[in-house]
Amino acid sequence: MSDFTGSIVPRRLRGLERSDSQDLTDEVLATTVTDMERSAQRLGRALVVIVDDRVAQGEQDDSIGPLVTELLEEAGFIVDGSVAVAGETVDIRNALNTAVIGGVDVVITVGGTGVSPRDVTPDATAGVLDRPIPGIAEALRASGLAAGAVDAGVSRGLVGVSGSTLVVNLAGSRSAVRDGMATLSPLVTHVIEQLSGLEPA
C-alpha cells in the first residue's frame, strides 16, 4: 500500500500538512477503488432470452432466467432483462434482432437446442448470425458432456456474432446453464474486447 501511495501521490502533496496529506491520499485511494469497481461492472450489457412455450404463455414460472441473470452479473455484466418467448423461429429471431439493435454486448438464449421438432433455437439463431464461432459452441458441448449435462452434450446450440453482439445458445437445464456459463465467462471477455477494438489487459 505504501509503495502504491508513494508512487501516485507525492507531487500532489507538496506543501501540505500531514493531516491534509492523509486526507488527499484517502481520497485518491477511494477514487481508484471506485473506478476499479465501475470498470469491473461495465464488462458489457447482456440480455437473457428464455425459449419455453409454457413460460412464454404464463403457465409456468421462469426459474432459469434469474439463474442466468445472477451468473452474468457475477461475471461483471449489466443485465438489461430476461424475456421469455415461445419455441417459434420467428419469435426467437425477433428477440435476437431486438437485442442486437438495442446494442447489448451479449445475448444468452436458454432452451430449444435439442432435436425435437419444437427445438428451433439454433435454426432461428443461424439466420441472425454474421459470423459463427464454432469453437465456443464445441467447448460448451464438450464441457457439458464432461459435467454430466446430457442436454448440453447433445445440444445443437450455436455461438456467433451478429453486428457487435455475441449470441450464445445454451441448453435448458440448470446444470447445462451453470456449466455453460463457467465455460463461457473467460471466452466472452475475449470476444467482447475484440468486438470493441480493445487490446486485452
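Scanning all heavy atoms of the two residues, the minimum distance from Ala176 to Ala171 falls at CB-CB, 3.8 Å. Between Asp62 and Gly65, the shortest heavy-atom distance links the atoms OD1-N, 2.8 Å. Here the shortest heavy-atom pairing between Gly112 and Pro122 reads O-CD, 3.2 Å. Counting all heavy atoms, side chain and backbone alike, Ala86 lies closest to Val51 at O-CG1, 4.1 Å.
Taken together through direct or relayed side-chain contacts under 4.5 Å among Ile, Leu, Val, Met, Phe, Trp and Tyr, Val55 and Ile64 form parts of separate hydrophobic clusters. By the criterion of side-chain heavy atoms lying less than 4.5 angstrom apart, applied directly or through intervening Ile, Leu, Val, Met, Phe, Trp or Tyr residues, Val188 is grouped together with Leu72 in one hydrophobic cluster. The hydrophobic cluster containing Val68 also contains Val159, counting ILVMFWY residues as joined when their side-chain heavy atoms lie under 4.5 angstrom apart, directly or transitively. Leu158 and Met181 fall into different hydrophobic clusters, where Ile, Leu, Val, Met, Phe, Trp and Tyr residues are linked whenever their side-chain heavy atoms come under 4.5 Å apart, directly or through other members. Linking Ile, Leu, Val, Met, Phe, Trp and Tyr residues whenever their side-chain heavy atoms come within less than 4.5 Å places Val48 and Leu67 in a single cluster.
Within a 6.0 Å sphere centred on CZ of Arg174, heavy atoms belonging to other residues, nucleotides or ligands number more than 12.
Rounding to the nearest 0.5 Å gives a distance of 9.0 Å between OG of Ser155 and CG of Asp119. Taking CG of Asp52 as the reference point, atom CD of Glu59 lies at 9.5 Å (rounded to 0.5 Å). Of the inter-residue distances, the one linking Leu170 atom CG with Arg178 atom CZ reads 13.0 Å to the nearest 0.5 angstrom. To the nearest 0.5 angstrom, Ser164 atom OG is 6.5 Å from Leu195 atom CG. Going from atom CD1 of Ile78 over to atom CG of Leu47 covers 13.5 Å, rounded to the nearest 0.5 Å. Between Gln60 atom CD and Asp53 atom CG the span is 10.5 Å, to the nearest 0.5 Å.
Between Val107 and Thr165 the shortest side-chain heavy-atom distance falls below 4.5 Å. Side-chain contact between Val177 and Val110 is present, with heavy atoms from C-beta onward closer than 4.5 Å. The shortest side-chain heavy-atom distance between Ile92 and Val49 does not fall under the 4.5 Å cut-off. Taking 4.5 Å as the limit, some side-chain heavy atom of Ile136 sits within range of a side-chain heavy atom of Leu184. The side-chain heavy atoms of Val100 and Thr98, taken from C-beta on, include no pair separated by under 4.5 Å.
Sorted by first then second residue, the side-chain hydrogen bond (donor to acceptor under 3.5 Å, both in side chains) pairs that include residues 82-93, not counting sequence neighbours, are Glu88-Arg118.
Here Arg45 pairs with Asp80 in a salt bridge; the nearest charged N to carboxylate O distance falls below 4.0 Å.
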Margin query: Go through it in stages, so that I can follow the logic: the residues are Val161 and Leu129, the test is side-chain contact (heavy atoms from CB on, under 4.5 Å), and I'd like the CA-CA distance, side-chain angles, deciding distance and then a yes or no.
Written below: CA-CA 6 Å; Val161 174; Leu129 298 182; over 6 Å; no
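Shown here are the salt bridge (charged side-chain N to carboxylate O under 4.0 Å, His left out) partners of Glu138, two or more places apart in sequence or in another chain: Arg141.
Of the possible donor and acceptor atoms, one in the side chain of Ser196 sits under 3.5 Å from a partner among the backbone N and O of Ile192.
A side chain to side chain contact (heavy atoms under 4.5 Å, CB included) with Leu96 holds for exactly one of Val85, Ile101, Val128, Thr121; it is Val128.
Side-chain atoms of Thr113 and Asn169 include no donor-acceptor pair closer than 3.5 Å.
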